[in-house]
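Below you'll find the structure, written out as structure tokens, and then a few comments.
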Amino acid sequence: NVWEWCQDWYAHDYYKKSPGINPQGPSEGAFRVLRGGAWSSYGRACKPSFRYDRKPEYRSNNIGFRIVALKEN
């Protein structure tokens, strides 16, 4: 189990002002979102709603990504 990189830029207060349906994240920023926790995380971080931030070039053995294929209609 590893943290997952997300495409979204990180903003600490984004959800206070974001749309209620399908928020896309800020249009720019210095940090990307990591979600879900990892084998080395405390229990409260091991859920999809938990967000963390790191610079895009950051690397660690407890960070990965998930490939998502979009189904075309």
Side-chain angles (χ1 to χ4, degrees):
N1 188 26
V2 296
W3 286 96
E4 293 183 5
W5 282 114
C6 297
Q7 183 176 347
D8 298 359
W9 290 105
Y10 182 86
H12 178 73
D13 61 350
Y14 178 72
Y15 285 112
K16 291 180 182 177
K17 56 188 173 197
S18 70
I21 298 174
N22 196 20
Q24 299 294 304
S27 58
E28 58 185 18
F31 300 93
R32 292 281 187 183
V33 173
L34 292 166
R35 286 193 184 268
W39 53 268
S40 58
S41 302
Y42 291 106
R44 68 181 180 90
C46 294
K47 54 186 177 179
S49 61
F50 191 87
R51 299 180 323 127
Y52 196 54
D53 61 310
R54 282 286 182 244
K55 291 194 177 246
E57 61 272 11
Y58 182 80
R59 300 292 179 259
S60 175
N61 67 352
N62 65 351
I63 297 175
F65 61 93
R66 182 181 304 199
I67 297 173
V68 177
L70 299 177
K71 182 179 177 181
E72 294 187 32
N73 293 330

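Just so you know, these numbers use all the heavy atoms, side chains as well, and skip hydrogens, waters and symmetry mates.
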Anything under 3.5 Å between a donor and an acceptor, one on a side chain of residues 5-18, the other on a protein residue two or more places apart or in another chain? List them.
from, atom 1, to, atom 2, distance (Å)
Tyr14, OH, Gly25, N, 3.1
Tyr15, OH, Arg35, NH2, 2.8

*Answer whether the closest heavy-atom distance between the side chains of Trp3 and Phe50 falls below 4.5 Å.*
yes
*Taking all non-hydrogen atoms of both residues, which atom of Lys47 and which atom of Arg44 are closest, and how far apart?*
CE-O, 3.3 Å
_Would the distance check show the side chain of Arg32 and the main-chain N or O of Gly29 forming a donor-acceptor pair, the cut-off being under 3.5 Å?_
no
_Check: Glu4 side chain, Val2 main-chain N or O, donor-acceptor pair, under 3.5 Å_ = no
*Between Ile63 and Tyr52, does a side-chain contact (heavy atoms from CB on, under 4.5 Å) hold up when you go through it step by step?*
CA-CA 11 Å; Ile63 297 175; Tyr52 196 54; over 6 Å; no
_Sub-4.5 Å side-chain heavy-atom contact between Asp53 and Leu34_ = no
*Hey, any chance Val33 and Phe65 share a hydrophobic cluster, counting ILVMFWY side chains that come within less than 4.5 Å of each other, even indirectly?*
no
